[in-house]
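Encoded as structure tokens, the structure appears first; notes follow it.
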Amino acid sequence: MAAQAFPDDFVWGVATSAFQIEGAHDVDGRGPSIWDVYAEQPGLIEDGSNAQVACDHYHRYPEDIALMASLGLDAYRFSIAWPRILPAGRGAVNVAGLDFYDRLVDGLLAAGIAPWPTLYHWDLPQALEDEGGWTNRATVDAFIELADAVSARLGDRVEHWITHNEPWCVSVLGHAYGVHAPGRRDWGEALVASHHLLLSHGRAVPVIRRNSPGAKVGITTLVSECVPASPSEADRISTTQYDGELNRWFLDPIYLGLYPKDVIEYHQREGRLPDGMNFVRPGDLEEIKTPIDFLGVNYYSRAVVRSATIPEADNEPRTIPLPDPAELTDMGWEVYPDGLTRTLTRLSADYEPGSMVVTENGAAYATAPGPDGSVQDTRRCDYLKSHLQACLAAIDAGVPLHGYFLWSLLDNFEWAFGFAKRFGIVWVDFETQERIIKASGHLYSRIVRDNKLPKEQAA
Ligand code: IFM
């Protein structure tokens with residue numbers, strides 16, 4: 001039976017990202033990002049919205065810090081908007097952009113909340129995209145300029161850094177499936193981009209360490225437990241391939257210094273590596289394998305995989321939601337907490353990361369304020385409790401899990417879905433910018449303060 005209390009030094013936080021909440025898209029010298037440009041194209045954002053205002057966090061950050069303090073949180077994971085710091089992607093630093101994060105960090109520290117910045121959460125400056133974006137090796141150097149500028153300015157106060165958020169989404173969703181910015185549909189480009197993302201991670205680690213002595217540095221990857229849709233051999237093979245594409249393609253280079261052979265062969269068979277792996281230059285894998293202090297894990301659901309009943313030409317992930325009675329969130333993602341326990345346990349065994357942190361976990365439900373003004377998001381409460389129970393089970397099994405960041409503090413701009421999907425534990429009225437702490441926010445606050453799950457959730 002899993003213990004109910006979390007370790008004494010367990011870190012409790014919430015996560016957001018710059019593009020999804022900040023707004024202020026053209027304020028204080030910020031340049032355009034690929035997501036600004038993507039969102040302008042008709043039909044690409046489900047509700048036709050854009051993130052020019054979003055949660056207006058750029059102006060309302062003191063109020064949002066106060067909200068977090070009222071919830072009793074230990075830590076806040078946010079991201080740095082690259083186009084605020086280097087509006088042209090590289091070169092001249094926009095001091096006003098750095099000033100914003102300086103104020104944010106100071107405000108957090110004054111409220112007793114540890115800042116956990118992520119350097120890249122998808123908002124590449126458009127100027128770099130115009131030169132090839134992540135498919136261009138020169139973008140690695142530009143990222144190092146960003147890492148250097150930001151860690152030099154904040155490094156005296158920040159103790160935890162995350163280089164990248166979910167490189168699979170950036171490379172595959174953005175370059176192969178085309179459902180994220182920059183909207184390309186070319187698997188070859190996706191694989192080149194993935195390598196440059198990983199290389200930029202490995203190269204940034206020593207830069208951050210130099211500017212922020214003693215700080216811990218990690219990377220965040222999206223992970224799923226991949227299971228076959230049926231016992232058929234075909235589904236089993238596709239499941240191994242999907243696990244390779246999603247999980248091992250990123251984690252093997254980071255921890256083992258190699259790209260998995262079976263996944264290279266799979267991509268080769270699919271015609272995705274016309275020039276082989278020649279984008280990997282001598283020394284790259286050693287740099288990517290630079291030791292890090294923790295692995296950030298983003299877990300939302302498992303992936304149920306079926307084989308080529310979905311034709312390759314569809315260019316879509318070969319995953320399917322389970323049929324009823326599977327419980328789905330508004331994203332159509334199955335609520336599957338056991339997959340979190342097994343994923344943490346598996347990653348811990350396969351890669352021995354030393355320290356792991358759940359850097360995102362949460363659920364989209366549209367529950368709106370009721371007549372009394374409160375938001376009774378019971379299903380999110382259940383999701384939260386069951387996934388925290390899954391964390392406890394992993395800790396009980398010996399996983400070095402040291403923190404949990406709930407996605408997300410605020411309802412926000414959910415990328416290609418616009419504002420239609422609400423992940424927040426705080427309701428945001430996007431007309432008035434009013435914030436209301438939902439029932440899940442109150443529940444989370446109680447869990448954080450008690451450092452344990454409420455009694456009714458005992459295993
Ligand atoms: O909103 C996103 C976040 O930006 C990255 N991880 C998944 C979340 C929910 O889709």
Side-chain angles (χ1 to χ4, degrees), residues 13-23 33-36 38-39 44-47 49-51 54-55 57 76-82 116-124 162-174 177 179-182 197 218-225 246-247 250 295-303 317 319 321 328-336 339-340 343 357-366 377 379-380 383-384 387 404-428 430 440:
V14 288
T16 65
S17 87
F19 190 77
Q20 292 176 275
I21 65 165
E22 282 180 3
S33 77
I34 54 173
W35 270 98
D36 295 285
Y38 188 82
L44 294 186
I45 306 298
E46 195 173 278
D47 63 359
S49 62
N50 61 49
C55 305
H57 172 79
Y76 176 45
R77 175 176 175 240
F78 57 96
S79 80
I80 307 288
W82 188 338
W116 285 53
T118 300
L119 286 173
Y120 186 67
H121 197 127
W122 308 357
D123 44 0
L124 188 75
I162 294 168
T163 53
H164 282 279
N165 182 72
E166 299 175 346
W168 178 81
C169 295
V170 178
S171 49
V172 177
L173 296 183
Y177 301 147
V179 294
H180 275 193
L197 285 154
I219 185 170
T220 279
T221 62
L222 178 70
V223 291
S224 266
E225 183 186 24
L246 177 73
N247 298 321
F250 296 91
L295 174 64
V297 167
N298 288 2
Y299 175 90
Y300 287 88
S301 187
R302 66 172 166 172
T319 57
L328 306 180
T329 69
D330 285 359
M331 297 296 281
W333 299 343
E334 184 192 5
V335 177
Y336 196 74
L340 175 55
T343 299
V357 174
V358 173
T359 40
E360 283 181 32
N361 175 242
Y365 293 115
D377 54 339
R379 285 185 297 168
R380 183 176 289 100
Y383 183 100
L384 175 60
H387 285 77
Y404 176 91
F405 288 74
L406 196 159
W407 184 271
S408 182
L409 173 66
L410 304 169
D411 291 336
N412 60 49
F413 182 79
E414 177 55 26
W415 307 110
F417 298 97
F419 296 102
K421 310 291 182 203
R422 291 178 177 265
F423 275 91
I425 54 170
V426 174
W427 170 270
V428 177
F430 293 106
S440 58

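Start at 1 and go down the list; that is how both ligands and their atoms are numbered. What you are looking at is a predicted structure, and each value in this text was computed from that prediction instead of being measured.
- No hydrogens or angles considered: nothing links the side chains of Thr220 and Asn165 as a donor-acceptor pair under 3.5 Å.
- Polar contact check, Trp415 against ligand 1: a nitrogen or oxygen pair lies under 3.5 Å apart.
- Ser79 places a side-chain N or O within donor-acceptor distance of the main-chain N or O of Ala18, the cut-off being under 3.5 Å.
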### Query
Between Tyr404 and Asn361, is a side-chain hydrogen bond (donor to acceptor under 3.5 Å, both in side chains) present by the stated rule, with each step listed?
CA-CA 8 Å; Tyr404 176 91; Asn361 175 242; 2.7 Å; yes
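- Polar contact check, Glu360 against ligand 1: a nitrogen or oxygen pair lies under 3.5 Å apart.
- Stacking of Arg302 on the aromatic ring of Tyr336 is recorded, both the 6.0 Å distance cut-off and the 45° axial limit being met.
- Of the heavy atoms in Asn165, only side-chain atoms (C-beta onward) come closer than 4.0 Å to ligand 1.
- With hydrogens and angles left out, the side-chain atoms of Glu360 and Tyr299 include no donor and acceptor closer than 3.5 Å.
- At least one heavy atom of His121 sits closer than 4.0 Å to an atom of ligand 1.
- Of the N and O atoms on the side chains of Thr118 and Arg77, at least one donor lies less than 3.5 Å from an acceptor on the other residue.
- Scanning the protein for heavy atoms near atom 8 (C) of ligand 1, the closest one is Tyr300 OH, 3.4 Å.
- Residue contacts with ligand 1 leave out Tyr299, since none of its heavy atoms falls under 4.0 Å from the ligand.
- Using modelled atom types, one side-chain atom of Asn412 and one backbone atom of Leu410 make a donor-acceptor pair closer than 3.5 Å.
- For atom 10 (O) of ligand 1, the closest non-hydrogen atom of the protein is Glu414 OE2, 2.6 Å.
- Looking at Trp122 next to ligand 1, no N or O pair under 3.5 Å apart turns up.
- Nearest-heavy-atom check against atom 3 (C) of ligand 1 across Phe19, Phe413, Trp407 picks out Trp407.
- Per-residue contacts place Trp333 under 4.0 angstrom from the following atoms of ligand 1 (heavy atoms of the residue considered): 10 (O).
- Looking at Lys421 against ligand 1, nothing comes within 4.0 Å, counting heavy atoms.
- Ion pair Arg422/Glu414 not flagged as a salt bridge, since none of the NZ, NE, NH1 or NH2 atoms sits closer than 4.0 Å to an Asp/Glu carboxylate oxygen.
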